[in-house]
Amino acid sequence: MATLQFAEKCPVQSITEAFQFPVPVDVLRLDMVHPVVSGNKWFKLKYYVEEAVQNKKNTLLTFGGAYSNHIVATAAAASLQNLKSIGIIRGEKPVSPSPALQQAAYYGMQLFYVSREEYKRKSIPGDVFATCEPAEICVVPEGGYGQKGVEGVKEILVKNEGAAYSHIITAVGTGTTLAGLTLAAAGAQKIIGVSVFKNNLSLQTEIEALLPTTKHESFSLLHQYHFGGYAKQNARLLDFMNEVYTKTTITTDFVYTAKAFYGAFDLIRQHYFSPSDRLLIIHTGGLQGNRSLKSGTLIFAT
Ligand SMILES: *Cc1c(COP(=O)(O)O)cnc(C)c1O
């Protein structure tokens with residue numbers, strides 16, 4: 001790819017000793033890809049960015065909520081590539097913008113607010129065309145969901161020797177990351193997704209839609225580690241994050257990665273894995289969410 005350089009090969013950290021796990025457990029530190037276009041977001045975006053550059057489009061346009069890591073990552077990736085960016089944001093313009101929206105604006109993203117009904121239609125509001133031509137725009141679907149997002153995610157395992165593991169666990173929002181990992185996985189490998197939403201039962205079909213039927217059995221979804229729903233948390237989860245940090249120096253966020261780690265640890269406790277298995281937890285990055293916590297809640301800075 002043209003000018004963007006990211007460290008796509010990321011460190012792998014063993015946490016087997018730290019927690020005295022009965023099976024080998026490694027963490028793939030995608031949080032070290034880039035400080036802002038963190039973790040899985042870079043991989044999901046890369047082929048959309050490439051498409052924009054190749055087709056001489058000068059603007060990335062995407063959709064997200066006020067707390068979306070995807071919005072920030074798209075704004076930063078566009079700015080690093082000297083592209084303009086437009087964010088279509090769900091809901092009314094807040095009186096004080098969230099940290100994510102502030103950061104997106106810092107990277108030059110133009111923000112347009114649409115009602116929840118309008119947002120569901122994923123149409124581009126007319127105001128957008130006051131500032132740019134339709135032909136200049138490359139649309140990135142919400143969360144990077146789609147074949148291009150999946151193609152980018154596949155490279156996570158290719159570049160990081162994912163073949164050594166029997167099971168790979170990741171947090172799941174749109175499922176694009178889970179689908180990409182599943183597509184890249186070898187025959188017997190199992191990909192386990194921890195949904196961060198409460199009762200998001202359409203997820204299964206949304207992920208299947210990104211995969212050939214031969215891969216539909218290669219992944220499974222866990223729906224019991226959402227801690228009350230999207231961006232919800234409690235003292236148990238926050239204590240867990242502090243414990244992980246104390247024992248491993250790994251920082252997690254309460255929206256995504258802490259729930260994936262918690263789910264993985266719980267499966268280990270329940271003897272879900274056999275001694276010959278080898279587990280890889282994908283640290284998908286994105287600590288921005290922690291900024292909404294009261295300071296002092298976590299023992300590490302984000
Ligand atoms: C966006 C995000 C996810 C979810 O990825 P999907 O591909 O939408 O499932 C997981 N972890 C982190 C840290 C994220 O920012």
Side-chain angles (χ1 to χ4, degrees), residues 10 27-48 62-77 87 98-100 103-104 140-157 168-184 191-197 200 202-211 219-223 225-227 230-231 233 237 241 244 250-264 281-292 302:
C10 297
V27 176
L28 179 61
R29 301 290 307 269
L30 296 187
D31 53 321
M32 300 195 165
V33 171
H34 184 274
V36 178
V37 196
S38 174
N40 64 342
K41 294 296 184 283
W42 163 245
F43 290 93
K44 290 201 287 182
L45 283 169
K46 75 182 270 192
Y47 287 110
Y48 293 106
T62 197
F63 303 84
Y67 294 90
S68 163
N69 287 344
H70 167 73
I71 285 288
V72 180
T74 305
S98 66
Q103 231 184 338
V140 181
E142 181 182 34
Y145 177 90
Q147 281 312 323
K148 286 204 168 63
V150 169
E151 284 305 313
V153 170
K154 269 169 79 177
E155 297 180 11
I156 293 175
L157 291 192
I168 298 173
I169 297 201
T170 186
V172 175
T174 63
T176 311
T177 302
L178 180 70
L181 296 173
T182 304
L183 213 52
I191 315 295
I192 301 171
V194 175
S195 174
V196 302
F197 291 94
N200 185 9
S202 59
L203 205 49
Q204 182 79 25
T205 42
E206 283 156 17
I207 295 169
E208 286 176 358
L210 296 171
L211 294 170
F219 78 91
S220 55
L221 282 170
L222 302 175
H223 292 281
Y225 300 109
H226 55 71
F227 284 82
Y230 183 72
Q233 40 80 12
L237 188 66
M241 292 164 71
V244 169
I250 296 172
T251 52
T252 53
D253 79 293
F254 73 88
V255 182
Y256 290 106
T257 50
K259 292 177 183 179
F261 276 63
Y262 194 97
I281 303 174
I282 310 279
H283 190 313
T284 40
L287 297 176
Q288 292 94 324
N290 287 346
R291 291 196 190 141
S292 67
T302 56

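As the structure is a prediction and not an experimental result, all values here were calculated from the model. Just so you know, residue 1 is the first one in the sequence shown, and it goes up from there. All ligand and atom numbering here is 1-based and tracks the order in the structure.
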K44 to ligand 1, any heavy atom closer than 4.0 Å:
yes
What is the closest protein heavy atom to atom 5 (O) of ligand 1, and at what distance does it sit?
N40 ND2, 3.0 Å
Take the angle between the ring planes of Y230 and F197 and call it parallel below 30°, perpendicular above 60°, tilted in between.
parallel
Any Lys/Arg nitrogen of E151 or K46 sitting under 4.0 Å from an Asp/Glu carboxylate oxygen of the other?
no
Those atoms of ligand 1 less than 4.0 Å from some heavy atom in N69
14 (C), 15 (O)
Atom 7 (O) of ligand 1: closest protein heavy atom, distance to 0.1 Å, is T177 OG1, 2.6 Å
What is the closest protein heavy atom to atom 10 (C) of ligand 1, and at what distance does it sit?
Y256 CD2, 3.3 Å
Side-chain donor/acceptor of Y67 to backbone N/O of S292, under 3.5 Å:
no
Using the ring centroid of each side chain, check whether F227 and F254 are separated by less than 6.0 Å.
no
Is there a donor-acceptor contact under 3.5 Å linking the side chains of T62 and H70?
yes
Just need the protein heavy atom nearest to atom 13 (C) of ligand 1, so name the residue and atom and give the distance.
G285 O, 2.9 Å
Close-contact set for ligand 1 against V172 heavy atoms, below 4.0 Å
9 (O)
To the nearest 0.1 Å, how far is atom 2 (C) of ligand 1 from its closest protein heavy atom, and which atom is that?
K41 NZ, 2.4 Å
Does any donor atom in the side chain of S202 or N200 lie under 3.5 Å from an acceptor atom in the other side chain?
yes
Can you tell me if L178 contacts ligand 1 (heavy atom of the residue under 4.0 Å from the ligand)?
no
Should G143 be counted as touching ligand 1, given the test is an N or O pair under 3.5 Å?
no
Sub-3.5 Å donor-acceptor pair from the side chain of K44 to the main-chain atoms of G143, do we have one?
yes
Scanning both residues in full, the closest heavy-atom pair of L183 with V150 reads CD2-CG1, 3.5 Å
Distance under 6.0 Å and angle within 45° of the ring axis: does K41 meet both against Y256?
yes
What residue and heavy atom of the protein are closest to atom 8 (O) of ligand 1, and at what distance?
T174 OG1, 2.6 Å
Is any N or O atom of T284, backbone or side chain, closer than 3.5 Å to an N or O atom of ligand 1?
yes
Which atoms from ligand 1 have a heavy atom of T176 less than 4.0 Å away?
7 (O), 9 (O)
